[in-house]
Amino acid sequence: MGRAKKVVLAYSGGVDTSVCIPYLKQEWGVEEVITLAADLGQGEELEPIREKALKSGASESLIADVRETFIKDYAFKAIQANAIYENRYPLATALARPLIAKALVETAHKYEADAIAHGCTGKGNDQVRFDVAVAAMNPRLKILAPAREWGMSREETIAYGERFGIPSPVKKSSPYSIDKNMLGRSIEAGLLEDPSYEPPEEIYEMTKAIANTPDEPEYIEIGFTKGIPTTLNGESKTPIEIISQLNQLVGNHGVGRIDMIENRLVGIKSREIYESPAMVALIQAHRDLESLTLTADVSHYKRGIEETYSQLIYNGLWFSPLKAALDAFIEKTQERVSGTVRMKLFKGNAIVVGRRSDNSLYNPELATYGSEDQFDHKAAEGFIYIWGLPTRIWSQQK
Ligand code: ARG
């Protein structure tokens, strides 16, 4: 008896996930491996990846184009929540995992598989995200993670694959571990493991070096409807268009690079490099529009929710009761977050230089220092007396 009969494997086309196919069958007695590669807009050719799975022994090789869902149901939720982990990371990799897990579970149901599998090791966050998301959607499905148990080095993994006709990587494989999708790239390992080592220019793809960015600033205007980006420079855009066009525009000015030491869920600190131009600009613009359209108390309260929400995403709890409850809160807050934000892109900066909304709570007659001032200055005295009363009494008592 093997560990499972029919398995749906999350497939990327890389050495590890390819070796998972023969490994599951030879070592763990799996009868049938169906692979699933998700198109998250990573810009890779998927047909060769599909064929490689079949050559590696998959009985069925599927590709799921989930780009639109990824942006609408994942990235846009993260933007509404201004979700940034540890104040820096816009969660591009973390957001993709629950969606891939969902596609795996749906495929397992369709093909009546009894398990899903992935190629994650035991050290990272991604295994947690996959496993918890799968369990949340179907706790009866088994989860197989060969790379968590096989204990093979890189060389051994390649040698194992060669025995089953899996070609070793043609180009000298990158010294880095890279995950990418439409929302950004995550780069780690190799020389980057030294936290004091400056990332070499060659690791970046979506963002230009400041030395090569335009010498003239460029202005863009992002329009939001209920907290969701819908227009760019006055034109309506589909979700995929907004993200891909902003990646271009913003990345061209060198905006969206992040170099950080991050706390993984499994307790390890790791050095991570990210580039995520569209998300960085969109969250900044969205936050700004909220400052114009939300009341002070909602805005302040939401900051705490955002922190929790970012941690939920990072920690693999996308499909969880707390996440669903916070979604309801966030959705309610977004009802009036509509309007436009103007940004200036220049030499690595995306700076908000103006905002406009029909729901603006900014009241010029109250804010002005000019003669149109409607604010009742005399009312301030009584307010301050009561506001400061506890402090006054405390001071007198000393
Ligand atoms: N540390 C990031 C996260 O947990 C990115 C992980 C990306 N994986 C990779 N193979 N580079 O979301």
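First listed ligand is number 1; within each ligand, the first listed atom is number 1.
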Review point. Does a side-chain N-to-carboxylate-O contact under 4.0 Å join R88 and E272?
Key: no
Considering heavy atoms of the protein only, find what lies nearest to [atom] and give residue, atom and distance to 0.1 Å.
| atom | result |
| --- | --- |
| atom 2 (C) of ligand 1 | Y274 OH, 3.1 Å |
| atom 9 (C) of ligand 1 | S177 OG, 3.4 Å |
| atom 1 (N) of ligand 1 | E262 OE2, 2.7 Å |
| atom 4 (O) of ligand 1 | N125 ND2, 2.7 Å |

Flag the pair [X] / [Y] as yes when at least one side-chain heavy-atom distance between them is below 4.5 Å, and no otherwise.
| X | Y | result |
| --- | --- | --- |
| L282 | F224 | yes |
| E221 | R356 | no |
| Y11 | I21 | yes |

If we only consider heavy atoms of [X], is any one of them less than 4.0 Å away from an atom in ligand 1?
| X | answer |
| --- | --- |
| Y176 | no |
| R129 | yes |
| R264 | no |
| Y89 | yes |

Review point. Which ligand 1 atoms, with their elements, are less than 4.0 angstrom from a heavy-atom of S186?
Key: 5 (C), 7 (C), 11 (N)
Point to revise | Proximal ligand 1 atoms for D179, defined as those under 4.0 Å from one of its heavy atoms | key: 7 (C), 8 (N), 9 (C), 11 (N)
Check your understanding: Is R129 positioned over the aromatic face of Y314, cation under 6.0 angstrom from the ring centre and no more than 45 degrees off axis?
Key ->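 The answer is yes; both the distance and angle limits are met.
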Check your understanding: Should the pair R163 and Y160 be classed as cation-pi, given the thresholds of under 6.0 Å to the six-membered ring centre and 45° from the axis?
Key -> yes
Point to revise | N or O pair under 3.5 Å between T93 and ligand 1 | key: no
Exercise for review: Verify the neighbour count for atom CZ of R336: are there more than 12 heavy atoms of other residues, nucleotides or ligands below 6.0 Å?
Suggested key: no
Check your understanding: With distance as the sole criterion, is a donor-acceptor pair present between the side chains of Q311 and E86 under 3.5 Å?
Key ->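 There is no such pair between these side chains.
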